[in-house]
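Chain letters run A, B, ... following the sequence lines, proteins first, then strands; residues in each count from 1. Just so you know, these numbers come straight off a predicted model, no measurement behind them.
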There are 2 protein chains.
Amino acid sequence: MAGERPKKTQPHQAALDGTDLAILAALTEDGRMTNAALAARAGVAESTCAYRVRALREAGVLTAVRAHLSPEALGRPLHAIIKVRLGSHSRELVHHLYDRLVALPGVLTVFHVGGDDDFLLHVAVAGPEALRDLILEHVTVHPMVRQTETQLVFEVREGRGLLPG
Amino acid sequence: MAGERPKKTQPHQAALDGTDLAILAALTEDGRMTNAALAARAGVAESTCAYRVRALREAGVLTAVRAHLSPEALGRPLHAIIKVRLGSHSRELVHHLYDRLVALPGVLTVFHVGGDDDFLLHVAVAGPEALRDLILEHVTVHPMVRQTETQLVFEVREGRGLLPG
DNA sequence: TGTGAAAATTGTAACAT
DNA sequence: ATGTTACAATTTTCACA
């Protein structure tokens, strides 16, 4: 009987070998890749590959696989970054505002940051009017919001990510 | 499998009905959901569902499905936004720099923006030293980069996205 | 178009190395 | 811990309402 079995670990550190990295890289490119294709690319047997994938998921390394949609095809060709600066910083209220911002249609990502600003919103909207409406009707209406500043986004590119190599 | 139709469609506008939206919403949550489960959730037959998914992909609405990894589990618990301001803006050089920045390990997203800054980098690194090294060795070394400013990211949350409802 | 039942592919589990 | 085989589940294809 081999030794220890990893328990359902929290998302802390994990020891990854080359096979794991190959699997993660492949799934980052195409999350619907079949297990057989994955195995071939990683150079292991299919059963091994399936086992690794499940282990990576249970270890919290592989958190989700999501579809990515085209903002343009969905009628939201205009991207912007909205910097939000707050006046008060009561913990409860900040969290509440956070929730509201994330739920707004057109909001892709919300960064809660420290420094000059408090929130950075990456949004995709139909056009300038929609952007103005979004800001005026859903952001600056909140009493906590002291100031916003909007930057036009020319282009967004996903980095190669977290994996070494 | 032969008969490809005329063209791979452009990412322009698309007319989406409730079924499409249901499919997209489901795949945005779980991109590996089985076609059978999708069909049940959308309220259509499995074959219909598969057809819709393929159509959405060919229409450029569904651009990709990617695995999401845990930066923490991969040893990169520190997130930051690096604002990059350039001195010169020669088109060629800007593009070249863009390419370099996107390829850096730890760089999750690069926003090319207009306004006060030129690039916004969302990065995930192992710790403060790694952040400093990343900035000094890979960002500010470029002659074009006039100034950087770094904001600590407390938390990142994905918005509900692009779909109405 | 959308549906339902076939074949073909894929994922899963048990077993052997 | 990896590889192989057999079996179940799923996707895909095609004829039809």
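Between A/Asp20 atom CG and D/dA1 atom C1' the separation is 13 Å, expressed in whole Å. Rounding to whole angstrom units, CZ of residue B/Arg32 and P of D/dA9 are separated by 18 Å. Rounded to an integer number of Å, the gap from CG of A/Asn35 to C1' of C/dG11 is 7 Å. Between the C1' atom of C/dT9 and the CG atom of A/Leu38 lies a distance of 16 Å, rounded to the nearest Å. Put simply, OH on B/Tyr51 is 10 Å from C1' on C/dG2, counting in whole angstrom units. Nucleotide C/dT1 holds its P atom 12 Å from the CG atom of B/Asp17, rounded to whole Å. Taking atom CE of residue B/Met33 and atom P of nucleotide C/dT10, one finds them 21 Å apart after rounding to whole Å.
Here A/Glu46 lies out of heavy-atom contact (under 4.0 Å) with every strand.
When each of D/dT11, C/dT12, D/dG3 is scored by its nearest atom to the side-chain atoms of B/Thr34, the top-ranked nucleotide is D/dT11. If you check D/dT11, D/dT2, C/dT3 against the side chain of B/Ala45, the one that comes closest is C/dT3. Proximity note for A/Ala36 (side chain, C-beta onward) versus D/dT11, D/dT12, C/dG11: the nearest is C/dG11.
Put simply, B/Thr48 has a side-chain N or O that comes within less than 4.0 Å of OP1 or OP2 on C/dT3. Neither OP1 nor OP2 of D/dT11 sits under 4.0 Å from any side-chain N or O of B/Arg54.
Ring-centre distance between B/His68 and A/His68: below the 6.0 Å cut-off. In this structure, B/Phe111 has its ring center no closer than 6.0 Å to that of B/Phe119.
Between B/Ala103 and A/Arg160, the closest heavy-atom pair is O-NH2, 4.3 Å. Nearest approach of B/Asp116 to A/Gln151, heavy atoms of both residues: N-NE2, 3.3 Å.
Side chain A/Ser47 to base D/dT4: a donor-acceptor pair is found below 3.5 Å.
Within the model, atoms CZ of A/Arg52 and CG of A/Leu24 stand 10.5 Å from one another, a figure rounded to the nearest 0.5 Å.
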